[in-house]
Number of protein chains: 2
Amino acid sequence: MNTEKQNLTNSTETHAVSDATLRAFIGYRMKRAFNVVRDDLTATLRAFDLRMLTYTALVLIVDNPGLRQSQLADAMDIERPNLVIIIDELERRDLIIRDRVPTDRRAYALKATLAGRQLYERAVAAVTSHEEKLLANLDQGTIKIVFDAFSVIEQAKRRT
Amino acid sequence: MNTEKQNLTNSTETHAVSDATLRAFIGYRMKRAFNVVRDDLTATLRAFDLRMLTYTALVLIVDNPGLRQSQLADAMDIERPNLVIIIDELERRDLIIRDRVPTDRRAYALKATLAGRQLYERAVAAVTSHEEKLLANLDQGTIKIVFDAFSVIEQAKRRT
DNA sequence: TATTGTTATACTCTATAACTATA
DNA sequence: TATAGTTATAGAGTATAACAATA
């Protein structure tokens with residue numbers, strides 16, 4: 001530790017970095033908060049060998065049996081090509097299957113296996129528990145306001 | 001458009017995908033809202049040939065003349081190696097300089113040039129204006145609550 | 001012609017190990 | 001020895017173009 005008094009006009013000063021300008025921006029504030037949430041989620045999912053995207057895809061497939069890859073990509077707000085390897089991984093681990101859609105032979109109907117549904121139950125429970133701890137210092141009213149604000153921002157999506 | 005009535009138990013159904021399970025999680029909600037904020041920010045900064053990270057670094061250097069790369073990496077919550085190419089880019093564009101610290105020849109004191117400060121002014125003004133539009137449907141009280149919640153979450157950073 | 005899933009590709013962000021030069 | 005900056009590298013996430021099969 002440097003216990004020496006520093007000359008504050010000197011370039012070698014060690015006092016805290018000011019982020020006052022950036023703290024006025026929601027982009028900066030949200031990014032920093034999201035880093036914490038993401039790190040917690042990543043660590044929680046590691047126990048199930050899942051990542052944010054494989055977890056999200058698994059949950060949506062369990063909750064929406066039979067949906068197509070293009071629907072899933074839309075729901076996850078990612079491009080179709082990026083979904084392919086996610087689905088590949090879940091299928092390789094026998095958590096889901098690609099079923100042919102009889103009425104449209106171009107498409108796949110995605111369905112979870114029993115193993116997939118079981119992993120879903122355990123992972124959702126773990127994430128629920130971890131998020132409760134993460135938000136322990138926020139009351140329900142505040143969380144509601146924050147979630148509603150997120151919805152408003154989502155709807156402000158660029159229409160340029 | 002498919003105007004045909006679909007059999008809702010059929011795997012080819014086209015009705016909306018349910019994300020009810022995921023919408024209970026702040027990770028999911030925040031990610032979706034952040035995607036919107038990030039896309040808007042990215043589009044705004046493109047006019048100045050800046051990205052989120054080069055913008056953040058430039059602002060922190062202008063506001064904290066003389067800080068070191070390790071301090072900046074800490075402030076930006078990224079690893080030191082990842083900062084190098086960011087600083088390289090800003091320096092190559094003559095927006096900042098790496099000044100040697102006379103008292104510690106291992107370190108650099110980062111300082112913005114006149115061009116850097118001018119770009120800072122224009123970029124900060126543009127981002128401010130864009131964020132105002134993005135948050136137009138949220139009142140100041142709500143924004144305050146959301147920002148405070150972000151601070152609480154930031155402080156909940158994992159101490160495992 | 002348009003759509004579904006796919007391949008190939010590229011850029012960005014993030015993380016770790018190991019090096020160099022200094023302290 | 002420890003630290004500041006660097007290089008090399010790898011894993012994720014994201015985006016676009018173009019293709020084959022099918023509608």
Side-chain angles (χ1 to χ4, degrees), chain A residues 1-2 4 11-12 14 27 31-32 34-36 38-39 41-43 45-46 49-57 66-74 76-91 96-110 158, chain B residues 1-2 4 11-12 14 27-28 31-32 34-36 38-39 41-43 45-46 49-57 66-91 96-110 158:
Chain A
M1 288 301 156
N2 187 348
E4 215 173 1
S11 60
T12 61
T14 57
K31 172 99 167 69
R32 296 184 73 91
F34 182 65
N35 281 350
V36 174
R38 187 205 56 200
D39 288 352
L41 181 59
T42 300
L45 292 176
R46 190 170 297 130
D49 204 8
L50 290 169
R51 287 166 294 122
M52 256 175 35
L53 290 175
T54 51
Y55 168 73
T56 303
L67 91 170
R68 300 173 178 202
Q69 288 185 205
S70 53
Q71 288 179 296
L72 181 54
D74 269 2
M76 290 176 64
D77 237 332
I78 63 176
E79 298 302 316
R80 289 91 188 131
N82 297 325
L83 184 62
V84 175
I85 54 165
I86 295 168
I87 297 302
D88 282 349
E89 182 178 333
L90 294 175
E91 191 183 38
I96 65 157
I97 56 166
R98 279 173 165 112
D99 238 19
R100 276 288 177 197
V101 175
T103 56
D104 185 345
R105 292 177 32 73
R106 292 171 305 180
Y108 288 115
L110 302 175
R158 290 168 58 78
Chain B
M1 289 300 154
N2 187 348
E4 215 173 1
S11 61
T12 61
T14 57
Y28 180 76
K31 172 99 167 70
R32 295 185 74 90
F34 182 65
N35 280 350
V36 175
R38 187 206 54 200
D39 288 352
L41 182 58
T42 300
L45 292 177
R46 189 169 298 128
D49 203 9
L50 290 169
R51 288 167 293 123
M52 256 175 32
L53 289 175
T54 50
Y55 168 73
T56 303
L67 91 169
R68 299 172 179 203
Q69 287 185 205
S70 53
Q71 289 179 296
L72 181 54
D74 269 2
M76 290 176 66
D77 237 333
I78 63 176
E79 299 301 318
R80 288 90 187 135
N82 296 325
L83 184 62
V84 175
I85 55 165
I86 295 168
I87 297 302
D88 283 349
E89 183 178 333
L90 292 175
E91 190 183 39
I96 64 159
I97 55 166
R98 280 172 164 112
D99 237 19
R100 276 290 177 195
V101 176
T103 56
D104 184 346
R105 292 178 30 76
R106 294 172 303 182
Y108 289 115
L110 303 174
R158 288 167 59 76

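So that the names make sense, note that chain A is the first sequence line, chain B the second, and so on, each numbered from 1.
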* Would you say A:Ser70 reaches C:dT3's phosphate, i.e. side-chain N/O to OP1/OP2 under 4.0 Å? -> no
* What nucleotide among C:dG5, D:dA23, C:dT22 has an atom nearest to a side-chain atom of A:Arg106? -> D:dA23
* Could you check how far CG of A:Leu45 sits from P of D:dG11, rounded to whole Å? => 20 Å
* Asked: Looking at A:Asp88 and A:Arg98, does any basic side-chain N land under 4.0 Å from a carboxylate oxygen?
  -> yes
* Structure fact -> CD (A:Glu79) and OG (A:Ser70) are apart, to the nearest 0.5 Å, by 12.0 Å
* 4.5 Å side-chain heavy-atom contact, A:Asp104 and A:Val101 -> yes
* Any sub-3.5 Å donor-acceptor pair from B:Thr56's side-chain atoms to B:Met52's backbone N or O? -> yes
* Asked: D:dG13 P sits how many Å from A:Ile87 CD1, rounded?
  -> 13 Å
* Asked: Do A:Leu110 and A:Leu72 come within less than 4.5 Å of each other through their side chains, counting heavy atoms only?
  -> yes
* Asked: Can any side-chain N or O of B:Arg105 pair as donor or acceptor with the backbone N or O of B:Arg100 at less than 3.5 Å?
  -> no
* To do: Any chance you could list the contact pattern along nucleotides 13-19 of chain C? Use B for base contacts, S for sugar-phosphate-only contacts and - for none, protein heavy atoms under 4.0 Å, 5' to 3'.
  => SBBBB--
* Between B:Arg68 and B:Tyr108: side-chain donor-acceptor atoms closer than 3.5 Å -> no
* To do: Go through the side-chain N and O atoms of A:Tyr55 and A:Arg51 and say whether any donor and acceptor fall under 3.5 Å apart.
  => no
* Enter the inter-axis angle for the ends of the helix from C:dT1-D:dA23 to C:dA23-D:dT1 (five pairs per end, rounded to 10°). => 10°
* Structure fact -> A:Met76 atom CE is separated from D:dA12 atom C1', nearest whole Å, by 13 Å
* Write down the distance between CD (B:Gln69) and C1' (D:dT7), rounded to a whole number of angstrom. => 13 Å
* Asked: In whole angstroms, how far is the P atom of C:dT6 from the CG atom of A:Asp88?
  -> 7 Å
* Asked: So does B:Gln71 get a side-chain nitrogen or oxygen closer than 4.0 Å to the phosphate oxygens (OP1/OP2) of D:dA4?
  -> no
* To do: Identify whether the distance between the nearest side-chain nitrogen and carboxylate oxygen of B:Asp74 and B:Arg80 falls below 4.0 Å.
  => yes
* To do: Would you kindly give the CG-to-P distance between A:Asp104 and C:dG5, to the nearest whole Å?
  => 8 Å
* **Gap between atoms CG and P, on A:Leu72 and C:dT3 respectively (whole Å)** => 19 Å
* **A:Arg105 vs D:dA20: side-chain N/O to OP1/OP2 distance below 4.0 Å** => no
* Asked: Atom CZ of B:Arg100 to atom C1' of C:dA23: distance rounded to whole Å?
  -> 13 Å
